[in-house]
Amino acid sequence: MRNYSIEVEPKALTEDGMEFFPLDIEPHAFGTRAHIHEAIEIIFVESGSFRMFAGDREYFVREGDMMLFRSNTIHSIIACESEHNRYYVLKVKPSLIFDLASKDSALGYVMRFVLSGENSKTHWSSDELCKSDIYLSFERMTKTLESTGVCLDLALKLSAAEVILAVLRDIIYREQQTGESLYANDSAAEQIYKAIKEVNRRYSEPITAQSCAENVNMSYSYFSRSFKRITQKSFKEYLNEVRINNAERLLMTTDLSVTEIALECGYNNISYFIMVYKTLKGKTPFSHRNRKY
């Protein structure tokens with residue numbers, strides 16, 4: 001069973017917009033229990049191997065590999081049987097990208113770390129990293145972390161930006177090669193990004209496409225078309241995904257009843273909640289519990 005939690009971001013991440021640190025994990029132990037946060041999280045495996053979960057997908061990640069957990073994606077890490085398991089964690093808040101990039105480009109960069117589709121790149125093998133600038137950028141960052149020079153905080157932030165830049169360039173290059181881009185360079189993108197943030201913050205409330213459209217100063221019809229065009233999902237589909245992911249977290253970490261969790265996640269109709277949960281997760285919410293409700 002995977003236990004879900006909302007991660008309380010450390011003070012350093014809140015103030016500086018990023019953090020970077022190594023973790024040593026015992027065999028078969030949790031590197032981190034499944035959690036969700038706004039930050040973009042990148043994992044570099046230095047030694048050992050891990051099972052990593054991003055949403056409902058599982059990845060086997062080996063020495064030299066990298067994982068990207070996009071903003072507000074549920075994820076967890078479990079060490080495999082290797083005696084020495086170590087990885088580095090880089091977390092960057094989307095606001096850091098907005099601070100560094102130009103106003104015209106920043107949103108397009110951030111959206112690639114927010115939106116995810118069926119073919120979105122999540123796992124990079126060591127062979128793939130060696131052929132890109134990502135590995136060299138990460139290597140420079142680890143050396144910066146180990147240094148004792150002056151202005152270390154600034155050096156780490158600049159190194160983090162370099163890693164994000166290398167990952168972003170690789171993602172865009174893959175889009176150009178395949179001709180498939182989840183992010184659409186759209187005039188409505190800024191309003192839709194605000195709506196996405198609002199949904200992730202207010203999913204437990206009776207939020208609707210109409211209320212979101214009004215909050216971002218768009219007509220309902222234009223908002224609905226733009227939301228679908230940019231996210232590749234309807235507003236209702238996206239809202240249900242956010243609600244059900246958080247319902248799964250509550251099922252794993254609390255003793256609340258299924259009815260209480262449904263209400264907590266914005267569903268007043270329990271039968272509808274169960275139907276949506278089964279559609280998205282392939283099982284009923286009751287499968288997480290050993291007692292009747």
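Counting from 1, the numbers follow the sequence of the chain as shown.
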- Looking only at heavy atoms, what is the nearest atom pair of Ser82 and Pro27, with distance? O-CG, 3.2 Å
- Compare every heavy atom of Thr73 with every heavy atom of Gly55, then report the nearest pair and how far apart it is. N-CG2, 3.9 Å
- Query: So if you build clusters from Ile, Leu, Val, Met, Phe, Trp, Tyr with side-chain heavy-atom gaps below 4.5 Å, do Leu165 and Phe98 land together?
  - Reply: no
- Query: Once you round to the nearest 0.5 Å, how far does OH of Tyr203 lie from CG of Leu239?
  - Reply: 11.0 Å
- Give a yes or no on whether Leu168 and Ile230 share a hydrophobic cluster (residues Ile, Leu, Val, Met, Phe, Trp, Tyr; joining criterion: side-chain heavy atoms under 4.5 Å apart). yes
- Does Glu190 reach the main-chain N or O of Ser187 with its side chain, forming a donor-acceptor pair under 3.5 Å? no
- Message: For Tyr173, I'd like to know if atom OH has over 12 heavy atoms of other residues, nucleotides or ligands within 6.0 Å.
- Response: no
- Taking the side chain from Asn246 and the backbone from Val242, do they hold a donor-acceptor pair closer than 3.5 Å? yes
- Query: Are any of the side-chain heavy atoms of Leu100 and Tyr109 separated by less than 4.5 Å?
  - Reply: no
- Note on the structure: Heavy-atom nearest pair, Thr122 first then Ala54, reads CG2-CB, 4.3 Å
- Query: Residues in side chain to side chain contact (heavy atoms under 4.5 Å, CB included) with Leu23, at least two apart?
  - Reply: Phe21, Ile25, Tyr87, Val89
- Note on the structure: d(Ile134 CD1, Asp170 CG) to nearest 0.5 Å is 4.5 Å
- Does the side chain to side chain contact (heavy atoms under 4.5 Å, CB included) test come out yes or no for Phe69 and Ile77, once each step is laid out? CA-CA 11 Å; Phe69 299 124; Ile77 300 172; 4.2 Å; yes
- With sequence neighbours left out, write down each residue that passes salt bridge (Lys or Arg N to Asp or Glu O under 4.0 Å) with Glu63, or none if nothing qualifies. none
- Decide yes or no for Leu96 and Lys157: does some side-chain heavy atom of the first lie under 4.5 Å from some side-chain heavy atom of the second? yes
- Task: Could you name each residue pair satisfying side chain to side chain donor-acceptor pair (under 3.5 Å) that touches residues 208-219, not counting sequence neighbours?
- Result: Glu198-Asn215, Thr208-Ser211, Gln210-Glu214
- Task: For Lys228, enumerate each residue passing the salt bridge (Lys or Arg N to Asp or Glu O under 4.0 Å) test, keeping only those at least two apart in sequence or located in another chain.
- Result: Glu237
- Query: Looking at side-chain heavy atoms only, is the closest gap between Phe235 and Ser224 below 4.5 Å?
  - Reply: no
- Task: Decide yes or no on side chain to side chain contact (heavy atoms under 4.5 Å, CB included) for Lys194 and Met218, but give the supporting numbers first.
- Result: CA-CA 12 Å; Lys194 290 178 181 177; Met218 297 174 73; over 6 Å; no
- State which residues pass side-chain hydrogen bond (donor to acceptor under 3.5 Å, both in side chains) with Glu26; sequence neighbours excluded, sorted by chain then number. none
- Message: Test side chain to side chain contact (heavy atoms under 4.5 Å, CB included) on Met52 and Val45; report intermediate values, then the result.
- Response: CA-CA 11 Å; Met52 299 194 184; Val45 177; 3.9 Å; yes
- Item | Selection residues 127-166 - residue pairs positive for ring pair (Phe, Tyr, Trp, His ring centres under 6.0 Å), sequence neighbours left out | Phe44-Phe138, Tyr88-Phe138
- Item | Greater than 12 external heavy atoms within 6.0 Å of His28's NE2 | yes
- Task: Carefully, step by step, assess Ile42 and Ile164 under the rule side chain to side chain contact (heavy atoms under 4.5 Å, CB included).
- Result: CA-CA 9 Å; Ile42 297 175; Ile164 290 294; 3.8 Å; yes
- Item | Non-neighbouring partners of Ser204 that pass side chain to side chain contact (heavy atoms under 4.5 Å, CB included), sequence neighbours left out | none
- Connected via hydrophobic side-chain network under 4.5 Å: Val163 and Leu158: no
- Query: Looking at Phe223 versus Phe227, is the centre-to-centre ring distance below 6.0 Å?
  - Reply: yes
- Query: Quick check: are there more than 12 heavy atoms from other residues, nucleotides or ligands sitting under 6.0 Å from CD of Glu260?
  - Reply: yes
- Note on the structure: Looking only at heavy atoms, the pair that brings Thr144 and Ser159 closest together is OG1-OG, 3.5 Å
- If you measure from CG on Leu250 to CG on Asn245, what distance do you get to the nearest 0.5 Å? 11.0 Å
- Pairs flagged by salt bridge (charged side-chain N to carboxylate O under 4.0 Å, His left out) wherever residues 126-142 is involved - sequence neighbours left out: Lys121-Glu128, Glu128-Arg174, Arg140-Glu162
- Message: Do Leu68 and Ile171 make a side-chain contact, defined as non-hydrogen atoms from C-beta onward lying under 4.5 Å apart?
- Response: yes
- Note on the structure: Closest heavy-atom pair, Thr32 versus His35, reported as atoms and distance to 0.1 Å, is OG1-CE1, 2.9 Å
- Task: Is it possible for you to say whether Leu152 and Met141 belong to one hydrophobic cluster, with membership spreading through side-chain heavy-atom contacts below 4.5 Å?
- Result: yes
- Note on the structure: Applying side chain to side chain contact (heavy atoms under 4.5 Å, CB included) to Cys130 and not counting sequence neighbours gives none
- Message: Show every side chain to side chain donor-acceptor pair (under 3.5 Å) that has at least one partner inside residues 265-275, sequence neighbours left out.
- Response: Asn240-Tyr267
- Message: With a 4.5 Å cut-off on side-chain heavy atoms, are Ile43 and Phe50 touching?
- Response: no
- Task: Specify the closest pair of heavy atoms between Ala160 and Met18, including all atoms of both residues, with the distance to one decimal.
- Result: CB-CE, 3.6 Å
- Task: Evaluate the side-chain proximity of Met67 to His75: yes if any heavy-atom separation is below 4.5 Å, no if none is.
- Result: no
- Item | Pairwise salt bridge (charged side-chain N to carboxylate O under 4.0 Å, His left out) hits with a residue in residues 69-83, at least two apart | none
- Item | Under the side chain to side chain contact (heavy atoms under 4.5 Å, CB included) test, residues paired with Ile274 that sit two or more places apart | Ile270, Pro285, Phe286
- Evaluate the side-chain proximity of Phe273 to Arg243: yes if any heavy-atom separation is below 4.5 Å, no if none is. no
- Would you say the side chain of Ile36 lies within less than 4.5 Å of the side chain of Asn72, judging by non-hydrogen atoms? yes
- Same hydrophobic cluster for Ile172 and Leu107, using side-chain heavy-atom links shorter than 4.5 Å among ILVMFWY? yes
